[in-house]
Amino acid sequence: MPSDQSTWLVSVPQGHDPQGVYQKLVSKLTQQVKLPSRNIGQLAIPTFKTGTLDSLIALSEDLPKQEGFFTTTVAKTVETLRNLLNNDPAKLDQHILVDEKSVDSYLLNGWKWKDGRYDVQKSLRDLVDILNKEMVSIDSALKAKLNNYNLVKGSLTQMQRKKTGNLSVRSLADVVSKDDFIQDSEFLETVLVAVPKTLTKEWNINYERLAPMVVPRTSKLIDSDDEFSLYSVVMFRRVHDNFVQKCREQKFIVRDFVYSEEEIAKQKQDMEMAGTTEKELWTELLRLSRTNFSESFQILVHLKVIRLFVESVLRYGLPAEYMGVVVKPEPKNVKKIFGVLQTQFTYLSPKSNPGQGGKIAGEEFIGEYQTLMDQEFFDFILYEVPWIIT
């Protein structure tokens, strides 16, 4: 049973009246299952060069691996967009487009192979190699751009974190001023101490005696928050280390801060530059991800159509002319929809039509290629395009 979280691509032999078969299927799905007609579309499967049986078997074994990589690449692009847009579904819908159309519109409104881009006169192996090369390029470009963006964003986040938090950890560049410090003294220095609010009384009583040569009555409250009060105190430089040790014992936190107008100006400039760069890279990454989704999703669908064709030839044989149908199931009716497909194409069952399949799908399958018969088969070929954007 195929998934109820995917769109189904179906292939069957074209026969003498493909349009009639399609219309009959649409009628059954819309009347018996009440599936909206917009959820059903035609899939124009090209007549590719079939090549040899061995080449088809090799492709049949290789395509699932390629398909897994392609699907993962599309999914990573969607995840990148989702993160850039803060998981906003409405905004995501505006960027998850294929040639400026919705995914459903792209798949269900008369899908056609891009012959101008992927020449059907090439061998199937060559077409797969072209698709794979394009997908690898898309994946590499996205990784490089994403890594670059994450580095800049990480640096900006680290800068922003320094401006948040309580007074024991946050940057003090925008808290203190030049007037809070003794300037140009050979012997004296101003030290900043973050004192837990529960210990402010102890600080005011004891700070002068924490170390010798602390200048009396120099404690000054600079700022406070919900957890800490920030004090400045003046002392001789020679007792700095001793004072720090005594503060640690009393659970007072000495902030390692040296006032420098040049350094403060540099921090502000670095913050502004990082913010500007992050916005520019965000815009570039959003644009690239939007383009990459459109391209990678089309490549994925083209690969699935090749897989439909390969499996159809192996199953039904020649002539290699097949009718394709796209069905977007509704989860509540998925079993009924699948049942209609089984009923519609039951005539393709080898049990009901032993002669079906021609030479390629005949008895020579049994033997060297027996392993391919071990998987579950329906009477029709079906592959799924997962709803990776939900």
Side-chain angles (χ1 to χ4, degrees), residues 2-3 5-11 43-80 96 98-99 103 106-107 111-144 146 288-289 291-316 320 322 324 326 360 369 371-378 380-389:
S3 169
Q5 296 295 308
S6 65
T7 297
W8 304 345
L9 308 182
V10 175
S11 172
L43 186 76
I45 302 176
T47 303
F48 298 104
K49 290 185 174 181
T50 56
T52 64
L53 177 59
D54 283 346
S55 67
L56 289 172
I57 294 293
L59 273 175
S60 181
E61 294 175 344
D62 292 345
L63 285 173
K65 304 171 189 175
Q66 299 288 348
E67 193 175 301
F69 165 58
F70 285 20
T71 302
T72 299
T73 301
V74 176
K76 285 192 293 186
T77 305
V78 174
E79 189 62 24
T80 300
I96 300 297
V98 182
D99 285 345
V103 169
Y106 169 71
L107 287 173
W111 187 91
K112 292 183 180 179
W113 180 270
K114 280 194 171 183
D115 193 31
R117 186 165 175 174
Y118 310 113
D119 187 359
V120 295
Q121 295 306 309
K122 294 181 179 292
S123 71
L124 289 170
R125 175 60 69 181
D126 285 345
L127 288 173
V128 171
D129 289 344
I130 291 171
L131 293 172
N132 186 64
K133 184 177 179 180
E134 290 186 357
M135 193 65 92
V136 168
S137 177
I138 286 173
D139 185 51
S140 299
L142 184 62
K143 282 181 179 177
L146 183 59
L288 178 65
S289 299
T291 301
N292 278 6
F293 174 78
S294 177
E295 292 296 314
S296 61
F297 191 83
Q298 292 180 70
I299 293 170
L300 172 63
V301 174
H302 277 69
L303 186 80
K304 285 183 178 289
V305 170
I306 289 179
R307 193 175 179 196
L308 275 176
F309 178 85
V310 169
E311 299 303 328
S312 295
V313 175
L314 291 174
R315 178 86 66 85
Y316 305 121
Y322 308 104
V326 185
I360 291 182
Y369 306 117
T371 56
L372 288 178
M373 302 297 291
D374 293 338
Q375 57 182 302
E376 180 185 5
F377 283 104
F378 310 128
F380 46 90
I381 308 297
L382 185 150
Y383 289 113
E384 304 172 52
V385 180
W387 295 344
I388 51 183
I389 64 171

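These numbers come from a predicted model, not from an experiment. Index from 1, following the sequence.
- Considering all non-hydrogen atoms of both residues, Ser296 and Met135 come closest at O-CE, 3.3 Å.
- In summary, of the residues considered (Phe309, Tyr322, Tyr118), a ring-ring contact (aromatic ring centres under 6.0 Å, His included) with Phe48 occurs for Phe309 alone.
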Go through the steps to decide whether Thr71 and Leu300 satisfy the test side chain to side chain contact (heavy atoms under 4.5 Å, CB included), and finish with yes or no. CA-CA 7 Å; Thr71 302; Leu300 172 63; 3.6 Å; yes
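- Atom OG1 of Thr80 is separated from atom CG of Leu146 by 5.0 Å, given to the nearest 0.5 angstrom.
- Checked against Thr77 for a side-chain contact (heavy atoms from CB on, under 4.5 Å), the options Ile96, Leu142, Thr291 give a single hit: Leu142.
- The distance from the CZ atom of Arg307 to the CG atom of Asp62 is 11.0 Å, given to the nearest 0.5 Å.
- Here the side chains of Val301 and Tyr106 are in contact, with some heavy-atom distance below 4.5 Å.
- Counting all heavy atoms, side chain and backbone alike, Tyr316 lies closest to Ile381 at OH-N, 3.6 Å.
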For salt bridge (Lys or Arg N to Asp or Glu O under 4.0 Å), just list the numbers for Asp126 and Lys49, CA-CA rounded to whole Å, side-chain angles, deciding distance to a tenth of an Å, and then say yes or no. CA-CA 11 Å; Asp126 285 345; Lys49 290 185 174 181; over 6 Å; no
For Trp113 and Ile45, what are the C-alpha separation, side-chain angles and deciding distance, and is it a side chain to side chain contact (heavy atoms under 4.5 Å, CB included)? CA-CA 7 Å; Trp113 180 270; Ile45 302 176; over 6 Å; no
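- Put simply, the side chain of Val305 does not reach to within 4.5 Å of the side chain of Tyr383, judged on heavy atoms.
- Under 4.0 Å is where a charged nitrogen must lie from a carboxylate oxygen, and between Lys133 and Asp129 no such pair does.
- The existence of a salt bridge linking Glu295 and Arg117 is confirmed by a sub-4.0 Å separation between a basic side-chain nitrogen and an acidic carboxylate oxygen.
- Each of Phe70, Phe297, Trp111 was checked for a ring-ring contact (aromatic ring centres under 6.0 Å, His included) with His302, and the lone residue meeting it is Trp111.
- For the pairing with Arg125, the side-chain contact (heavy atoms from CB on, under 4.5 Å) check across Leu56, Ile306, Ile130, Leu59 returns one residue only, Leu59.
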Test side chain to side chain contact (heavy atoms under 4.5 Å, CB included) on Ser6 and Val385 and set out the steps. CA-CA 5 Å; Ser6 65; Val385 180; 5.8 Å; no
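- At a cut-off of 3.5 Å, with distance as the only test, a side-chain donor of Ser11 or Ser312 sits close to an acceptor on the other residue.
- Across every non-hydrogen atom of Pro2 and Leu382, the tightest pair is CB-CD2, 3.8 Å.
- If you take NZ on Lys114 and CG on Asp99, they are separated by 4.5 Å, rounding to the nearest 0.5 Å.
- Aromatic ring centroids of Phe380 and Trp8 lie 6.0 Å or more apart.
- The CG atom of Leu53 sits 6.5 Å away from atom CG of Leu314, with the distance rounded to the nearest 0.5 Å.
- Note: Leu303 CG to Leu308 CG = 10.0 Å, rounded to the nearest 0.5 Å.
- The CG atom of Leu124 lies 8.0 Å from the OG1 atom of Thr50; values are rounded to the nearest 0.5 Å.
- Summarising the geometry of Pro46 relative to Ala44, their closest heavy-atom pair is CD-O, 3.4 Å, with the distance given to 0.1 Å.
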